Chemist: 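This is the structure I want to talk about, given as structure tokens.
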Amino acid sequence: MSRLHVVSGKGGTGKTTVAAALALALAADGRRTLLVEVEGRQGIAQLFETEPLPYEERKIATAPGGGEVHALAIDPEFALLDYLHMFYKLGSAGRALKKLGAIDFATTIAPGLRDVLLTGKACEAVRRKGKDGRFVYDSVIMDAPPTGRITRFLNVNHEVAGLARTGPIHNQAQAVMRVLKSPQTAVHMVTLLEEMPVQETADGITELRADGLPTGGVIINMVRPAILDQEAVEAAANGQRTAVAKALSQAGLGGARRGGTAERLVDPLLEQAREHAERVELERAQRAELTGLGLPLHELELLTDGVDLAGLYRLAADLRKQWPT
């Protein structure tokens, strides 16, 4: 069973929302989860309607059944200070380097080091145990970079190769990769039933597999209900005009006689029905593409009023029903 859940997806698919909902879902029934943000956007704080997250693990929500969701916004500069203290015992010297701007300089000119620090902090939380010998967190959920960057972000070995082939940095990268390429990790892709997000999802999964990174599931977000299928639309359009006008009249939308209100509504109504049926057919084709990837599919409905805190709990409940236990 995976304990590190990496959530990626094309921009605009709602990956941060899905990561937050997954953290709530996995925290049900008394479990503890850690939701990690690595891009510095404070999207998690906005979703949970709380203050901006500091560089410390903080409880932000209670899940059904008494579980807890904790969150952490990883700052690469602070993570590097932790790293320097852990391996080199720099202490106050490390803080002096930060004041001089050396820490920011190091994480800027060495993006591979930055990724090691970000992924390393999440992997440390996965491995961490309490005094009782049990894992501190049942699951760690990472709101990761978008699909186009996710493979490079996770494959820190390649990034570190140009920085250090031996020593603590190299050893840290190796330890991170042992977690990321193990059954403890699953990389989930968030998508919409649209051509570009589906294509990016397929490309991302191909890259992950090529680099030996473990794929999890595909989460289809913002799914709209299919009200009519093509057969129903064609039936209404072919020889059913009178019946549609009569139904409109019975609904109080004017008389069904020729030229009446109900009669004038038929064409616009049938046009909308055709457009709906076309969308349903396009989504059916995209869903078939996703099915062909051979990964579990999970679907979350479109919340027409947007995602507030109540909506987030609603999505978590839907996800919990679909998620393997």
Side-chain angles (χ1 to χ4, degrees), residues 2 4-23 33-47 52-53 55 71-80 83 104 106-126 139-163 172-173 176-177 179-181 184-192 196-221 295:
S2 301
L4 174 59
H5 300 268
V6 180
V7 180
S8 183
K10 185 181 184 301
T13 59
K15 71 177 180 64
T16 299
T17 299
V18 170
L22 182 58
T33 63
L34 177 65
L35 180 56
V36 175
E37 182 176 79
V38 298
E39 294 185 284
R41 296 185 295 107
Q42 290 292 338
I44 292 171
Q46 295 175 31
L47 281 169
L53 297 173
Y55 181 63
L72 169 66
I74 303 179
D75 182 299
E77 291 186 38
F78 284 111
L80 180 53
Y83 176 85
D104 178 60
T107 57
T108 300
I109 67 169
L113 175 60
R114 184 186 183 94
D115 290 349
V116 170
L117 295 169
L118 294 172
T119 54
K121 191 68 176 177
C123 290
E124 182 277 325
V126 171
S139 300
V140 176
I141 300 87
M142 181 193 293
D143 178 21
T147 315
R149 290 203 306 117
I150 188 61
T151 302
R152 183 176 180 181
F153 172 76
L154 294 176
N155 209 350
V156 294
N157 263 347
H158 291 318
E159 295 296 312
V160 172
L163 293 172
Q172 171 73 356
V176 169
M177 291 310 301
V179 174
L180 293 179
K181 289 196 171 184
Q184 293 184 81
T185 299
V187 184
H188 310 292
M189 291 293 191
V190 181
T191 187
L192 306 179
M196 287 186 63
V198 168
Q199 186 60 55
E200 278 206 22
T201 296
D203 292 344
I205 289 171
T206 298
E207 291 180 4
L208 290 169
R209 286 171 168 165
D211 278 22
L213 292 162
T215 52
V218 175
I219 303 167
I220 306 173
N221 197 22
L295 295 175

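Only a predicted model underlies this, so the values are computations on that prediction, with no experimental measurement involved. Basis for what follows: all heavy atoms, side chains included, without hydrogens, waters or symmetry-related copies.
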Chemist: Could I get the full list of side chain to side chain contact (heavy atoms under 4.5 Å, CB included) partners for Ala19, not counting sequence neighbours?
Modeler: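 Listed in chain order: Val7, Leu35, Ile141, Asp143.
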Chemist: The criterion is side chain to side chain contact (heavy atoms under 4.5 Å, CB included); which residues satisfy it with Thr17, sequence neighbours excluded?
Modeler: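 Here the qualifying residues are Leu47, Val307, Leu312, Leu315.
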Chemist: State, with a plain yes or no, whether a side-chain heavy atom of Asp203 is found less than 4.5 Å away from one of Thr147.
Modeler: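 The answer is no, as the side chains (C-beta and beyond) never meet within the 4.5 Å cut-off.
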Chemist: Calculate, to the nearest 0.5 Å, the distance between atoms CG and CG belonging to Leu213 and Leu154 respectively.
Modeler: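 Between Leu213 CG and Leu154 CG, I get 5.5 Å after rounding to 0.5 Å.
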Chemist: Looking at CG of Leu53 and CG of Asp75, how far apart are the two atoms once the value is rounded to the nearest 0.5 Å?
Modeler: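 The CG atom of Asp75 is 12.0 Å from CG of Leu53, to the nearest 0.5 Å.
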Chemist: I would like to know whether Lys181 and Asn155 meet side chain to side chain contact (heavy atoms under 4.5 Å, CB included); could you show each step before the answer?
Modeler: CA-CA 9 Å; Lys181 289 196 171 184; Asn155 209 350; 4.2 Å; yes
Chemist: Looking at residues at least two apart in the chain, or sitting in another chain, which of them share a side chain to side chain donor-acceptor pair (under 3.5 Å) with Gln46?
Modeler: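 Gln46 satisfies side chain to side chain donor-acceptor pair (under 3.5 Å) with no other residue.
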Chemist: Rounded to the nearest 0.5 Å, what's the gap from CD on Glu207 to CZ on Arg149? Could you check?
Modeler: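 Rounded to the nearest 0.5 Å, the CD-CZ separation comes to 13.0 Å.
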Chemist: Working to the nearest 0.5 angstrom, can you tell me the gap between Ile205 CD1 and Ile150 CD1?
Modeler: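 Those atoms lie 12.0 Å apart.
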Chemist: Provide the closest heavy-atom pair for Pro145 versus Val38 in the form atom of the first, atom of the second, distance.
Modeler: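 Closest pair (atom of Pro145, atom of Val38, distance): CD-CG2, 3.9 Å.
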Chemist: If the condition is salt bridge (Lys or Arg N to Asp or Glu O under 4.0 Å), which residues does Lys121 pass it with, not counting sequence neighbours?
Modeler: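 Result, salt bridge (Lys or Arg N to Asp or Glu O under 4.0 Å) vs Lys121: Asp82.
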Chemist: Contact between Leu4 and Leu180 at the side-chain level, heavy atoms closer than 4.5 Å - yes or no?
Modeler: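 Yes, their side chains come closer than 4.5 Å.
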Chemist: Go through the steps to decide whether Glu124 and Val176 satisfy the test side chain to side chain contact (heavy atoms under 4.5 Å, CB included), and finish with yes or no.
Modeler: CA-CA 8 Å; Glu124 182 277 325; Val176 169; over 6 Å; no
Chemist: Could you tell me the separation between the CE atom of Met142 and the CG atom of Leu22, rounded to the nearest 0.5 Å?
Modeler: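 Rounded to the nearest 0.5 Å, the CE-CG separation comes out at 13.0 Å.
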Chemist: For Glu39, what residues pass the side chain to side chain donor-acceptor pair (under 3.5 Å) criterion, not counting sequence neighbours?
Modeler: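 Per chain and number, Glu39 pairs via side chain to side chain donor-acceptor pair (under 3.5 Å) with Lys15.
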Chemist: Applying side chain to side chain donor-acceptor pair (under 3.5 Å) as the test, list every pair that has at least one member in residues 4-14; sequence neighbours left out.
Modeler: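 Qualifying pairs, neighbours excluded: His5-His188.
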Chemist: Check the pair Leu208 / Met189 against side chain to side chain contact (heavy atoms under 4.5 Å, CB included), numbers first and verdict last.
Modeler: CA-CA 11 Å; Leu208 290 169; Met189 291 293 191; 3.6 Å; yes
Chemist: Do you know the tightest heavy-atom contact between Gly43 and Thr16?
Modeler: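 Here Gly43 and Thr16 meet closest at C-CG2, 4.1 Å.
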Chemist: Taking all non-hydrogen atoms of both residues, which atom of Asp115 and which atom of Phe153 are closest, and how far apart?
Modeler: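 Between these two residues, the closest heavy atoms are OD1-CD1, 3.4 Å.
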Chemist: Where do Leu192 and Asn221 come nearest, in terms of heavy atoms and distance?
Modeler: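 Scanning both residues, the minimum pair turns out to be CD2-O, 3.3 Å.
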Chemist: To the nearest 0.5 Å, what is the distance between CG (Asp211) and OG1 (Thr151)?
Modeler: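 Here the interatomic distance stands at 6.0 Å.
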Chemist: Please list, chain by chain and in numerical order, all residues satisfying salt bridge (Lys or Arg N to Asp or Glu O under 4.0 Å) with Arg209, sequence neighbours excluded.
Modeler: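 Arg209 satisfies salt bridge (Lys or Arg N to Asp or Glu O under 4.0 Å) with no other residue.
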